[in-house]
Novice: 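Below is one structure. I have some questions about it.
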Amino acid sequence: MKQQHIVTPQIFAAFGLPSDLEAKPVHGGHINDTFSAETPEGQFILQRINHFVFPSPEHIMENIAAVTDFLRKKLEKLGGDPQRGTLTLRKTVDGNSFFRDEAGEYWRCTIFISGATAHETATGTEMLREAGSAFGSFQSMLSDYPADTLHEIIPHFHDTPDRFRQLREAMEKDTAGRRREAEPEIAFALRREKDCGCLMELLAQGKLPLRVTHNDTKMSNVLIDDVTGKAVCVIDLDTVMPGLTAFDFGDSIRAGAATAAEDETDLSKVHFDLSLFEAYAEGFLAAAGAALSETELATLPVGAILMTFEVGIRFLADFLNGDVYFRTAYPAHNLDRARNQFKLVEEMEQKREEMNAIIQKYASRR
Ligand code: GN1
Ligand code: MG
């Protein structure tokens, strides 16, 4: 059981808040510890950054401070709502974006956005369209941000060939002695190795621009207004770093356009749903389409396939390594996740033409 950290009076004081406040734990995330506190000035969110997963919290906070400042100015210029359209950091009394306590823990504080909810999964196509719109706006508002000035929080995060290299390493070492059990999945992966580098190649050839990407574009990282059902803003900016549009789009589709959870073992329930793809694509392209090049648009379907394949080979490699990265509930959990993702990959491959047509349809409306 992980040790539960608490918000001490010293931490509140560091952010200029009354030191006798009560911090209530907010459940949901798997990585950071999150608390909410009601103050005379309003409600705030306090988070302890997990510095085991994120070895350089300073870099995360530099990225978040820079990006949220930029978004706030952009929203002011565009006549948006800077209070709700982006997360807002509350600085420490010393003017820093984070506070390091006596135990060496890193803390940050953001203004709570009221009247909005982060949903675990979309309740229907309308909500998925809103999620597409939120990540599309994020991308579009940051399209003139110099992406290469951001820290790379996790190097090679979506470098699929590098992920494949790690899978090969795991196969060769076979640390957990599980390789025989995974032969069909390994064969599935090997058949696709030659195609898995296309995004990285286009990037290397200068045909795709580096953008500011979010890198955790799931439904639960979008706040949806409780009254209007409209997207308010995107949250969880820990992995904001330079990347490709196809990464963020593809990762959203991987999770959002699937008909079952990523560890569903009954594969007859696991499908790639084109109507969910269309809803997300519509929202995303209406918001970001104008900022994207023709080549970027053309890579969105392959982004969905590659992001799904990539996480599949990450699950498979972790299974072979003995479950050292992803949290698992039973021994074959990672293998089940890999099978599930590969089922989606297969269906996406078969529906590639339909995906292209949908992208073209909404791209032409931008
Ligand atoms: C991890 O923990 P979560 O759900 O935010 C992983 C993602 C994977 C996802 C698969 C930093 O994200 O890349 O797509 O699991 N995040 C990291 O469920 O590795
Ligand atoms: Mg996350």
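Both backbone and side-chain heavy atoms feed into the values below; hydrogens, waters and symmetry mates do not. Just follow the structure's listing: the first ligand is 1, and inside any ligand the first atom is 1. Everything numeric in this text was worked out from a predicted model, so none of it was measured.
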Novice: Between Glu181 and Arg178, is there a donor-acceptor pair closer than 3.5 Å when you use the side chain of the first and the backbone of the second?
Specialist: no
Novice: Atoms of ligand 1 less than 4.0 Å from Val311 heavy atoms?
Specialist: 8 (C), 14 (O)
Novice: Is Asp251 in polar range of ligand 1, meaning some N or O pair under 3.5 Å apart?
Specialist: no
Novice: Who's closest to atom 10 (C) of ligand 1 heavy-atom-wise, of Arg254, Met307, Glu310?
Specialist: Arg254
Novice: Is NZ or CZ of Arg314 both nearer than 6.0 Å to the six-membered ring centre of Phe326 and within 45° of the ring axis?
Specialist: no
Novice: Think Arg90 forms a cation-pi with Phe44, using NZ or CZ under 6.0 Å from the six-ring centre and within 45 degrees of its axis?
Specialist: yes
Novice: Could you list the atoms of ligand 1 found under 4.0 angstrom from a heavy atom of Phe157?
Specialist: 11 (C), 13 (O), 17 (C), 19 (O)
Novice: Could you list which atoms of ligand 1 come closer than 4.0 Å to a heavy atom of Phe326?
Specialist: 15 (O)
Novice: Need the ligand 1 atom indices (1-based, order shown) with element for anything under 4.0 Å from a heavy-atom of Tyr325.
Specialist: 11 (C), 17 (C), 19 (O)
Novice: Would the distance check show the side chain of Asn50 and the main-chain N or O of Asn32 forming a donor-acceptor pair, the cut-off being under 3.5 Å?
Specialist: no
Novice: Below a 4.0 angstrom heavy-atom separation, can you tell me which part of Asp216, side chain or backbone, both or neither, approaches ligand 1?
Specialist: side chain
Novice: Examine ligand 1 and decide if any of its atoms is less than 4.0 Å from a heavy atom belonging to Arg314.
Specialist: yes
Novice: Are the aromatic rings of Tyr280 and Phe249 close, with centres under 6.0 Å apart?
Specialist: yes
Novice: Under the side-chain contact (heavy atoms from CB on, under 4.5 Å) test against Ile49, which residue among Met61, Glu58, Glu105 passes?
Specialist: Met61
Novice: Work out whether the distance between some heavy atom of Lys218 and some atom of ligand 1 is less than 4.0 Å.
Specialist: yes
Novice: Decide whether Gln341 and Thr308 meet the rule of one side-chain donor and one side-chain acceptor closer than 3.5 Å.
Specialist: no
Novice: Heavy-atom contacts with Glu262 under 4.0 Å: which atoms of ligand 1 show up? List them by number with element.
Specialist: 10 (C), 18 (O)
